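Only one structure is covered here, and it is reproduced in the block below.
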Amino acid sequence: MGITIKDIAKAAGVSYSTVSKALNDSPLVKKETKQKILRVADEMGYQPNIAAKKLVSNESRTIGVVWPTVERVALTTLAAKINAALEQQKYHMLLSINPTKTAVDLFNRFQVDGVLVFGEEAHEEIISSSIPLLYYGEPGPATYPTIDVNRRKAIQLGVRHLVQLGHSRIAYIGDLNPQHSNQREKATGYTLGMEEAGYSHLHEAVDSRGLSWQAGYQAVKQLLSKKKPTALISASYDLTVGIIRGIKELHLTIPQDISLVSYDHIPEMEKLDVPVTAVGTPVQTIATEITNHLLQLASGKKVPPAILDVELFQRQSSRSPE
DNA sequence: GCCCGACGACTTAAATACAC
DNA sequence: GTGTATTTAAGTCGTCGGGC
C-alpha cells in the first residue's frame, strides 16, 4: 500500500481534507500550510492513486497506447513526442506490446480515458471497446476514427523532387505486401509520381518484405546487383539505415553516385552518415494532432477522420545526377 | 441474488478554533 | 463580534468480497 493523503495528513498534523485542498492548490488553505503539506508529500514520495481519482472525477487522465514494435525508430520517436504532449496536458501514457485485442481489453479494464492504436498491420479482429479508440495509420473498424499521414502524397513529393533535380531512373524500396494498406499507399505514390513524370517505363519497385534496417540492407544489395538507378526512395527511416549501409559496402557514395529520399520526417534523418532528405508530416505535428484528437475523444467529443498534409525537407542526400 | 461495507481521493456544508 | 483558517462529517464514484 502506497502513501495516501491520510498518511500525509498525519505527518503534517492537519486533516486529510486540508491535504486534499492543498494538493489541489485550493485558495482555502493558507500559503504556509500549503507549502508544508507539499513538502511533506514530496518527502514521503506521495503519488496520487489514479484509480481513486477516477472514482470521483470519472477520468483517469491516462491514455493507453497499443504498441506494435519496439524496433522501429520512427514510431519510438513518435511515441516519445506523444508522451511529451500528453504530459503537457497533465495526462499519463500507458504502453502495451500485447496484440491489439488483448491490449484494448486490458485498457478497458484499467479504465483509461482513451486508446491509441498504431495500425501497422491489418486488423482482422473486430475490436469492441467502451473507451474511445483512435487509430493511427492502418484504419481500424469503421466505427472508430483514424488519423493518418498522406503517405501517397509524401512519396509522390519525393519523386517530384528527384525528377526536378534531373533524375529519371528512380527506384523505390518498401514493403509491397498488399495487406498493409499504409505501405501500399506509399508504393502507389511512387507509381503515380513516375507516371506523372512520364517515367512509367523506368518503374522499379523492390519489395523489402519488412521495414527493418536489415530488410533495407538486403533490398538495396539485391537492387544494385542488377540495376543502376541514379536515385532511390526509401519507405521508412529504418530501411534507410540499411540502405545507406548497403550502398557504402558497394563503395558508392550518397549523393554523388546515388541520391536518396526517405519517408519519415523525423529529426534522426539529420544524424545519419549523410543527412537524408525526408518526406512526410513532421513527427512533432503528428504527435500534436494525435494528442489533440485523443483528448477530444476522451472528453466525449466526436472527431472526424484526419489525413495530415506532408512536406519535403531537403538535406545533403539528394542532388542532380552527375 | 441482494445488501452492505471497504477502498482512496475529493467536494461541500457546517462546525470549531483562533487572532484581532 | 468578525473574519479567516482549519476540521469534521457526510456523501460520491466503481468494484469486490462477505454475510445473509
Side-chain angles (χ1 to χ4, degrees), chain A residues 1-67 79-80 82-118 123 125-136 140-145 287 290-303:
Chain A
M1 182 74 74
I3 302 295
T4 70
I5 60 170
K6 286 176 184 168
D7 299 318
I8 299 168
K10 198 174 173 186
V14 295
S15 71
Y16 71 84
S17 176
T18 305
V19 173
S20 171
K21 286 172 190 163
L23 293 175
N24 287 287
D25 201 21
S26 165
L28 296 173
V29 180
K30 212 165 58 172
K31 191 180 169 190
E32 297 78 48
T33 310
K34 202 180 282 180
Q35 284 173 341
K36 183 185 175 188
I37 290 168
L38 291 175
R39 182 171 47 77
V40 170
D42 185 50
E43 284 169 3
M44 296 178 79
Y46 169 74
Q47 294 292 333
N49 184 316
I50 290 173
K53 275 191 162 186
K54 164 115 184 143
L55 284 178
V56 178
S57 63
N58 204 29
E59 58 176 21
S60 61
R61 299 198 78 79
T62 304
I63 297 293
V65 176
V66 183
W67 194 236
I82 293 170
N83 187 51
L86 285 171
E87 267 195 348
Q88 272 192 344
Q89 302 294 327
K90 301 200 183 310
Y91 270 76
H92 310 286
M93 188 171 106
L94 290 179
L95 278 181
S96 172
I97 58 170
N98 283 315
T100 307
K101 190 176 183 313
T102 311
V104 170
D105 287 347
L106 189 68
F107 287 140
N108 269 279
R109 276 154 54 196
F110 272 109
Q111 294 275 291
V112 300
D113 294 336
V115 174
L116 172 65
V117 180
F118 277 87
H123 300 284
E125 322 163 272
I126 300 298
I127 308 290
S128 74
S129 168
S130 56
I131 292 168
L133 298 189
L134 175 67
Y135 280 78
Y136 170 68
T143 42
Y144 299 113
I290 286 178
T291 303
N292 290 343
H293 272 64
L294 279 169
L295 297 188
Q296 282 195 53
L297 286 169
S299 65
K301 292 178 188 155
K302 291 203 168 182
V303 294

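Throughout, protein chains are lettered first and strands after them, A, B, ... in sequence-line order, and every chain is numbered starting at 1. Bear in mind that the values here come from a model prediction, so they are computed numbers and not experimental data.
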Answer whether the closest heavy-atom distance between the side chains of [X] and [Y] falls below 4.5 Å.
X	Y	result
A/L86	A/L295	yes
A/V117	A/Y144	no
A/L23	A/L38	yes

To the nearest 0.5 Å, tell me how far [X] [atom1] sits from [Y] [atom2].
X	Y	atom1	atom2	result
A/I290	A/Y136	CD1	OH	6.0 Å
A/H92	A/E87	NE2	CD	8.5 Å
A/K36	A/T18	NZ	OG1	11.0 Å
A/L134	A/L294	CG	CG	5.0 Å

Roughly, in whole Å, what's the span from [atom1] in [X] to [atom2] in [N]?
X	N	atom1	atom2	result
A/K36	C/dA5	NZ	P	16 Å
A/I8	B/dA9	CD1	P	8 Å
A/K30	C/dG3	NZ	C1'	13 Å

Taking N or O atoms only and anything under 3.5 Å, show me the protein contacts with nucleotides 10-20 of chain B, one pair per line.
{"unit_1": "B/dC10", "atom_1": "OP1", "unit_2": "A/K53", "atom_2": "NZ", "d": "3.4"}
{"unit_1": "B/dT12", "atom_1": "O4", "unit_2": "A/S17", "atom_2": "OG", "d": "3.4"}

- line: Those residues at least two apart in sequence (or on a different chain) that pass side chain to side chain contact (heavy atoms under 4.5 Å, CB included) with A/N98 are A/S96, A/T102, A/A103, A/L106
message: Taking only side-chain N and O atoms of A/T18, does any of them lie within less than 4.0 angstrom of OP1 or OP2 on C/dT6?
response: no
message: To the nearest 10°, give me the bend of the helix from B/dG1-C/dC20 to B/dC20-C/dG1, comparing the axes of its five terminal pairs at either end.
response: 50°
